[in-house]
Student: 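Got a structure for you, written out below as structure tokens; questions coming shortly.
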Number of protein chains: 2
Amino acid sequence: MLNQYSAVDKVLLAVDCIIFGFDKDGLKILLIKRDFEPEKGKWSLIGGFLRKEEDLNSAAIRILNTYTGLHDIYMEQLHSYSEIDRDPVERTISVSYYALINIENHNAELIKNYHAQWFSVSEAPNLIFDHNQMLRFAISRLRYRTSIKPIGFELLPEKFTMRQLLELYEAILSKELDKRNFISKINSLDILIKLDEKDMQSSRKGSYLYKFDKDKYEDKLLNNFVLNL
Amino acid sequence: MLNQYSAVDKVLLAVDCIIFGFDKDGLKILLIKRDFEPEKGKWSLIGGFLRKEEDLNSAAIRILNTYTGLHDIYMEQLHSYSEIDRDPVERTISVSYYALINIENHNAELIKNYHAQWFSVSEAPNLIFDHNQMLRFAISRLRYRTSIKPIGFELLPEKFTMRQLLELYEAILSKELDKRNFISKINSLDILIKLDEKDMQSSRKGSYLYKFDKDKYEDKLLNNFVLNL
DNA sequence: AATCAATTGCGTAAAAAATACACTTTAAAA
DNA sequence: TTTTAAAGTGTATTTTTTACGCAATTGATT
């Protein structure tokens, strides 16, 4: 029974994940040393293939879970890459996703087994195929996202100082921000709860710890805003 | 020779195009009456399947050309849709693209042959599969694009009045704009050339015609700006 | 006990951008 | 000549963004 569907060339569909984390040294990404050909031994984004029984979002979530042990992580689709020879072995289209995770929360054992490693975004090694391009695109999307959605819950420890939050934003935007203006803009979002507790690591005076107001944070996630930092 | 690539489920990859046009009645999209099963006879975005010898951008351009006769049209990839049963016949992942075209320039013959038709965006019929969702997403992306890139070249005739440009923006954003503020904001972009010629259709007084300064327009395309209308 | 050092915490003034708003001009039609 | 319908034009007000500096705190040092 002929139909429009018959003459078509099927393809492999891959998912590649740009996994962002943040620690005292700044914004990082999780990369993996590829353990199969081609390009075995080179650095690559964390990826896998789409399976019959899942959609792309599920595949991205499965792949993230495989390499980090994490679940319930929000991921967002970015772009599809389809150059004919992007993968020399077989025609493969790849859909990129990004995730934001707290570096402390993932399974360190797991990533070691997979020869995965965190790299500063600014010092990332050269990546296989078109993964450099994927990474650049992800960074620019992350910057954009920062201007319309709250960010931080995913990347910071539960309790954090204003300075940590400021440095997170500075790392993402890669520019310096004025401390006072930053604080008043963040406060105007009304998503932080100031705790009665101080972090004494960073200074003699100590600085107040904050946490996100989960409900308000999630409300804000639903409605875009403009945050001009 | 076993490798990581062997166990994988290949899929069909489709491209669906949201084709925007603009005329005196506002913002429109080009839809097609589907002439094969499933959902034969229902309205659908214009689509096709990715072929071996092309990448997704080329496929989108080919599909647009097939139905409109147009070429050299800028298209932008939007999103990939991968719900398992989105197409009931076979597992198909679809990548959406959008294009902006001048309604007057396309091949009317061609679209008639294909049972394609222009619809006001606000009066679009119900579409097959997840095409309604694709359309909504495309509209929101078009609005966003409007705020960071110049728009109009693609949608307006070569010479146009300020009112036409204003109405284009109003149609895209679906809100009223203040004429005077609009004009001064558009002028501040410095992409228009005021001609010594008037359009006498719209009023007794006649209104000046403008055209885009192609070079400046394209410079602006390369660099984002913020246009708050 | 006094001083030092490092970082936190806080507010205001100036500049820039966005918004609101109304009347005159023009030329064809009556 | 009067009428009519749309074009064309500028300013004051409000809001937002930016720039900027100093006092408070406290552990460490002398």
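The sequence lines fix the lettering, A, B, ..., with proteins before strands; numbering per chain opens at 1.
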Student: What's the CD-C1' distance between Glu167(B) and dA7(D), to the nearest Å?
Tutor: 13 Å
Student: Take the protein atom CD1 of Ile183(B) and the nucleotide atom P of dA6(D), then report the distance between them rounded to whole Å.
Tutor: 15 Å
Student: What is the distance from CD of Gln201(A) to P of dT7(C), rounded to the nearest Å?
Tutor: 14 Å
Student: To the nearest Å, give me how far apart CG (Asp199(A)) and P (dT25(D)) are.
Tutor: 18 Å
Student: Using the closest heavy atom to pick a nucleotide of DNA chain C for each, name whichever of Lys179(B) or Asn228(B) lands nearer the 5' end.
Tutor: Asn228(B)
Student: Taking it one step at a time, do Lys24(B) and Glu167(B) satisfy salt bridge (Lys or Arg N to Asp or Glu O under 4.0 Å)?
Tutor: CA-CA 8 Å; Lys24(B) 61 179 174 20; Glu167(B) 285 172 354; over 6 Å; no
Student: Are Glu54(A) and Arg62(A) ion-paired here, with the side-chain N under 4.0 Å from a carboxylate O?
Tutor: yes
Student: Using a 3.5 Å cut-off and no angle test, enumerate the donor-acceptor pairs between side-chain atoms of residues 220-229 of chain A and protein atoms at least two apart in sequence or in another chain.
Tutor:
unit_1, atom_1, unit_2, atom_2, d
Asn223(A), ND2, Asp219(A), O, 3.4
Asn224(A), OD1, Lys149(A), NZ, 2.8

Student: Whole angstrom is fine here: how far is it from NZ in Lys194(A) over to P in dT8(C)?
Tutor: 13 Å
Student: Without decimals, in angstroms, what is the distance between Phe182(B) CZ and dG8(D) P?
Tutor: 13 Å
Student: Could you run down the sub-3.5 Å N/O contacts of the protein with nucleotides 26-30 of chain D?
Tutor:
unit_1, atom_1, unit_2, atom_2, d
dG27(D), N3, Arg204(A), NE, 3.4

Student: Taking for each residue the nucleotide of DNA chain D with the nearest heavy atom, is it Val226(A) or Arg163(B) whose nucleotide lies nearer the 5' end?
Tutor: Arg163(B)
Student: Which nucleotide in the set dG8(D), dA18(C), dG9(C) lies at the smallest distance from any side-chain heavy atom of Ser207(A)?
Tutor: dG9(C)
Student: Answer with base, sugar-phosphate or nothing: what part of the nucleic acid does Asp178(A) contact at a heavy-atom distance below 4.0 Å?
Tutor: base
Student: From CG of Asn187(B) over to P of dG10(D), roughly how many Å is that when rounded to an integer?
Tutor: 11 Å
Student: Between C1' on dT16(D) and CG on Leu227(A), what's the gap in Å once rounded to a whole number?
Tutor: 13 Å
Student: Run the salt-bridge test on Glu197(B) and Lys159(B) with the 4.0 Å N-O cut-off and return the result as yes or no.
Tutor: yes
Student: Search all heavy atoms of Ile101(A) against all heavy atoms of Ile73(A) and return the closest pair with its distance.
Tutor: CG2-CG2, 3.9 Å
Student: So Phe153(A) and Tyr217(A), would you call those rings parallel, tilted or perpendicular, with 30° and 60° as cut-offs?
Tutor: perpendicular
Student: Do Lys194(B) and Tyr210(B) meet the cation-pi criteria used here (NZ or CZ under 6.0 Å from the six-membered ring centre, within 45° of the axis)?
Tutor: no
Student: Is any side-chain N or O of Arg180(B) closer than 4.0 Å to OP1 or OP2 of dC21(C)?
Tutor: no
Student: Just to be sure I understand the rule, does Ser202(A) reach a base, reach only the sugar-phosphate, or reach nothing, if contact means heavy atoms closer than 4.0 Å?
Tutor: sugar-phosphate
Student: Using only heavy-atom distances, decide whether a donor-acceptor pair under 3.5 angstrom links the side-chain of Asn181(B) to the base of dA18(C).
Tutor: no
